[in-house]
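Okay, structure first, notes after.
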2 protein chains.
Amino acid sequence: MKKLTEQISEKIKSEGLKVTPQRMAVLKAVYELNNHPTADNILAYVRKENPNVAMGTIYKVLDTLIENKLVKKVTTDNGVMRYDGIMENHHHLYCVECDLIEDYNDKELDKLLTDYFKKKNIKGFKLKNFVLQINGTFNKC
Amino acid sequence: MKKLTEQISEKIKSEGLKVTPQRMAVLKAVYELNNHPTADNILAYVRKENPNVAMGTIYKVLDTLIENKLVKKVTTDNGVMRYDGIMENHHHLYCVECDLIEDYNDKELDKLLTDYFKKKNIKGFKLKNFVLQINGTFNKC
DNA sequence: CTCACTGCAAAGGTTTTGCAGTGGG
DNA sequence: CCCACTGCAAAACCTTTGCAGTGAG
């Protein structure tokens, strides 16, 4: 079992990107803060080990990671962007009360939707992927 | 068949809101610009007939309309908020290329998902509603 | 007269950009 | 030595807020 940092550097390298401490740190932050952090959350996390990283750098690094499909953007109703390191298609539970986003995975649901779109062709539209936004409240709220 | 302006003023009144020219104009804009306009789009549209409306007013009016369930927010990947005047639950086709959002309605899909959630209880979570974000490209892009 | 609503301008927060500096290859 | 990457600061952008003014009831 490889260490996380090693896995991370391999992922970055595998996209043909230069492995830098900032990229390592940002991707590590996205993985470890695994609750769909904001850019600000990531900055704070990264600075714990690397105090002189700039906000601009976080955004630039996130952009390159997104371009290279190592990270995804997640939008929320309040307009603040959040980031997700899980690239497999999955759905999200949004808490209306506390802004928490939790992953939701269910094979049955995926099959249901995939089958639906397989037989249903949306005219004039080429489907790429879909995400179900499931809104509600967590009991703990 | 009633005129649109009349319908609009009735909707506003039915929520117990004072009917003002700005509210009329904003709600009319959302309905007529029916492609999920941004606040800016709405401002431009409203100003064609009502040149001295301020951006701040647009946002304030939108907020009250949202609170009173006459309008919904729609988020996009680029972080700019868009607004939707169709309150019935429905899904959205997002164009990755051109930022166009189109409504997508399908009874079968709704039934599929409603049935799914009826039998599947997500533990620790109280479901309110769900929206399917369907990403892809329109052929015209 | 009162109170909610508006217009304006300023502030706030998030994200982007420009540029000089730097460090690895 | 070069070039991509970084840090910093300023700018751009969208949205919210404060306040004085206004107008309908």
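Note on naming: letters A, B, ... go to the chains in the order of the sequence lines (proteins, then strands), and numbering restarts at 1 for each one. Predicted model, so just to flag it, every value in this text is computed and none were measured.
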Worksheet entry | Stretch residues 37-50 of chain A: residues that reach within less than 4.0 Å of DNA chain D through a heavy atom | none
Fill in: Neighbours of DNA chain D within residues 56-82 of chain A, by heavy-atom distance under 4.0 Å
A/Thr57, A/Lys60, A/Val61
If the threshold is 4.0 Å, N to carboxylate O, is there a salt bridge linking [X] and [Y]?
{"X": "A/Lys69", "Y": "A/Glu15", "result": "no"}
{"X": "A/Glu108", "Y": "B/Lys119", "result": "yes"}
{"X": "A/Glu97", "Y": "A/Lys140", "result": "no"}

Discussion item. Quick check on the hydrophobic clustering: are B/Val30 and B/Met55 connected, directly or via other members, by side-chain heavy-atom contacts under 4.5 Å?
Written reply: yes
Discussion item. Please determine whether the number of non-hydrogen atoms from other residues, nucleotides or ligands lying under 6.0 Å from atom CD of B/Glu32 exceeds 12.
Written reply: yes
Practice prompt. Evaluate whether atom NZ of A/Lys11 has more than 12 neighbouring non-hydrogen atoms of other residues, nucleotides or ligands under 6.0 angstrom away.
Written response: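 No, because the 6.0 Å sphere around NZ of A/Lys11 holds 12 heavy atoms or fewer from other groups.
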Worksheet item: Heavy-atom distance under 4.5 Å between the side chains of A/Phe130 and B/Gln133, does that happen here?
Response: no
Discussion item. Is the shortest side-chain heavy-atom distance between A/Met24 and A/Val19 below 4.5 Å?
Written reply: yes
Worksheet item: Roughly how far apart are A/Thr64 OG1 and A/Leu27 CG, rounded to 0.5 Å?
Response: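 The OG1 atom of A/Thr64 sits 10.0 Å away from the CG atom of A/Leu27.
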Discussion item. Return the CD to CG distance between A/Glu102 and A/Asn34, rounded to the nearest 0.5 Å.
Written reply: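 Going from the CD atom of A/Glu102 to the CG atom of A/Asn34 covers 9.5 Å.
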Worksheet item: Expressed in angstrom and rounded to an integer, what is the separation of B/Lys18 atom NZ from D/dT22 atom C1'?
Response: 11 Å
Worksheet item: Taking any atom under 4.0 angstrom from a heavy atom of chain A, which nucleotides of DNA chain C are the first and last to qualify, 5' to 3'?
Response: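 Going 5' to 3' along DNA chain C, contacts run C/dT14 to C/dC19.
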